[in-house]
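Just dropping this structure here.
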Amino acid sequence: MPELPEVETTRAGIEPHIIGHQIKAFHVRQPQLRWPIPTELATLLTGNRVQAVRRRAKYLLIDIAAGKSEDLLGTLIIHLGMSGSLRVINAKPYPDPKKHEHFDIEFDDCLVRFNDPRRFGACLWQAADEVDSRLQHLGPEPLSDTFNGDYIFAKSRGRSSAIKTFIMDQRIVVGVGNIYASESLFLAGINPKKAAGKVSKKKYQELVSAIKIVLDNAIAQGGTTLRDFTSSDGKAGYFAQELRVYGREGLGCIQCQQPIKQIVQGQRSTFYCTKCQR
DNA sequence: CACTAATCCTGGACGC
DNA sequence: TGCGTCCAGGATTAGT
């Protein structure tokens with residue numbers, strides 16, 4: 001499932017192919033994603049240019065300038081959900097879309113094609129003078145300096161929810177998904193069930209470092225794996241993780257051999273070592 | 001406001 | 001082999 005590193009890798013992968021380029025057409029085959037694709041999108045995009053390819057949390061933001069100007073018209077918001085991916089197709093004629101390939105953004109010399117079997121993804125439009133409600137209350141980027149021990153310690157005071165649930169709350173910090181939440185807590189040696197309000201400042205500093213390390217490593221790995229971005233298949237955006245606890249239920253902890261435990265928190269699986277994480 | 005549960009969807013794993 | 005069942009997960013929304 002695409003987490004922040006996959007989205008960042010996708011962003012970096014498509015950017016050089018589309019920045020500054022004019023959109024020739026926008027084709028929708030399945031508008032029913034998490035939210036319906038706005039029907040006016042083709043009209044809004046056609047004939048206009050890609051000004052920037054950005055990322056906020058796990059949202060891919062494609063700024064669109066009107067015609068040949070630099071005037072921002074609005075932003076195409078794409079979310080990969082849990083099974084989505086984008087790929088750039090250069091070879092002409094463009095291959096016929098397969099099942100689950102729900103929309104294409106067509107340029108003069110390439111096609112950006114969206115694939116999403118589970119349709120948890122989204123494709124939305126944000127006009128230049130508005131901020132989409134989904135982007136309004138997001139917490140800081142995990143890799144920014146704003147996300148530090150002092151910040152999250154202050155946010156956590158008085159909170160009774162489990163630390164694992166807490167760091168997955170997008171209002172606290174964005175981009176920490178289920179897999180990396182377990183991995184980060186293991187690296188920091190924190191029990192995922194511990195109340196967020198009872199974790200010390202020192203432990204929060206370790207947790208922040210752990211989150212940054214885990215995400216940085218994954219991005220670095222993704223960059224390598226997806227170097228050949230344009231020819232990648234529908235699995236673009238996924239890459240092998242070095243997972244220390246996630247999915248390793250019953251297997252020995254890499255530090256102490258204690259079997260890794262699996263529990264459910266907030267309807268999500270959590271994996272941790274009962275000895276190393278307290 | 002804080003927190004929990006339901007919800008969208010389909011491929012893949014598994015049991016019979 | 002095939003069918004049914006269950007599970008995975010991001011993040012919003014509804015409900016307590």
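Just so we're on the same page: letters track the sequence lines, and every chain starts at 1.
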* Under-4.0 Å salt bridge between A/Asp109 and A/Lys92 -> no
* Asked: Between C/dG10, B/dG11, C/dA8, which nucleotide has the shortest distance from any of its atoms to the side chain of A/Met168?
  -> C/dG10
* Structure fact -> Double-helix bend of the helix from B/dA2-C/dT16 to B/dC16-C/dG2, axes at both ends from 5 pairs, round to 10°, gives 50°
* **Nearest-angstrom distance from the residue atom CG of A/Leu80 to P of C/dG10** => 12 Å
* Base, sugar-phosphate, or nothing for A/Tyr59, non-hydrogen atoms under 4.0 angstrom? -> sugar-phosphate
* **Heavy-atom donor-acceptor pair, A/Ser69 side chain to A/Asp71 backbone, under 3.5 Å** => yes
* Short side-chain N/O contact from A/Lys99 to OP1 or OP2 of B/dT10, under 4.0 Å -> no
* Residues from residues 123-144 of chain A lying under 4.0 Å of DNA chain B - heavy atoms -> none
* Kindly write out the residues that satisfy side-chain hydrogen bond (donor to acceptor under 3.5 Å, both in side chains) with A/Asp169, not counting sequence neighbours, or none if the list is empty. => A/Arg171
* To do: For A/Lys164 and C/dA11, give me the distance from atom NZ to atom C1', rounded to whole Å.
  => 14 Å
* Please report, rounded to the nearest Å, how far the P atom of C/dA11 is from the CH2 atom of A/Trp35. => 9 Å
* Asked: For the pair made of CG in A/Asp169 and P in C/dT13, what is the distance, rounded to whole Å?
  -> 14 Å
* Asked: Is there a side-chain contact between A/Ile105 and A/Leu111, using heavy atoms and a 4.5 Å cut-off?
  -> no
* For atom NZ of A/Lys203, is the number of surrounding heavy atoms from other residues, nucleotides or ligands below 6.0 Å larger than 12? -> yes
* What is the nucleic acid contact for A/Thr165, judged by heavy atoms within less than 4.0 Å: base, sugar-phosphate only, or nothing? -> nothing
* Structure fact -> Sorted by chain and residue number, the side-chain hydrogen bond (donor to acceptor under 3.5 Å, both in side chains) partners of A/Lys198 (sequence neighbours excluded) come out as none
* Asked: Is it true that A/Phe26 and A/Phe103 have ring centroids separated by less than 6.0 Å?
  -> yes
* Go through the steps to decide whether A/Lys98 and A/Asn115 satisfy the test side chain to side chain donor-acceptor pair (under 3.5 Å), and finish with yes or no. => CA-CA 9 Å; A/Lys98 286 181 256 176; A/Asn115 178 297; over 6 Å; no
* Find out if a path of hydrophobic residues (ILVMFWY) with successive side-chain heavy-atom gaps under 4.5 Å connects A/Leu185 to A/Leu143. => yes
* Asked: Roughly, in whole Å, what's the span from CG in A/Leu33 to P in C/dG10?
  -> 18 Å
* Asked: Does A/His79 put a side-chain nitrogen or oxygen below 4.0 Å from OP1 or OP2 of C/dA11?
  -> yes
Protein-nucleic acid N or O pairs under 3.5 Å, nucleotides 5-7 of chain B:
unit_1: B/dA6; atom_1: N7; unit_2: A/Gln267; atom_2: OE1; d: 3.1
unit_1: B/dA6; atom_1: N7; unit_2: A/Gln267; atom_2: NE2; d: 3.3

* **Parallel, tilted or perpendicular: ring planes of A/His79 versus A/Tyr59, cut at 30 and 60 degrees** => perpendicular
* A/Arg56 CZ to C/dG10 C1', straight-line distance once rounded to whole Å -> 16 Å
* Among residues 154-162 of chain A, which residues get a heavy atom nearer than 4.0 Å to DNA chain B? -> A/Arg159, A/Ser160, A/Ser161
* **Heavy-atom check, side chain of A/Phe166 versus side chain of A/Ser156, under 4.5 Å** => yes
* Asked: Between A/Gln30 (CD) and B/dC8 (P), how many Å, whole number?
  -> 15 Å
* Would one find more than 12 heavy atoms of other residues, nucleotides or ligands at under 6.0 Å from atom CZ of A/Arg244? -> no
* **Minimum heavy-atom distance between A/Cys273 and A/Ile260, given as atom pair plus value** => CB-CD1, 4.0 Å
* Structure fact -> Which of C/dA11, B/dT10, C/dG10 is nearest the side chain of A/Arg119? It is B/dT10
* Asked: Whole Å only: how far is the CZ atom of A/Phe120 from the P atom of C/dC7?
  -> 15 Å
* Check whether any side-chain heavy atom of A/Pro192 lies under 4.5 Å from a side-chain heavy atom of A/Gln265, and answer yes or no. => yes
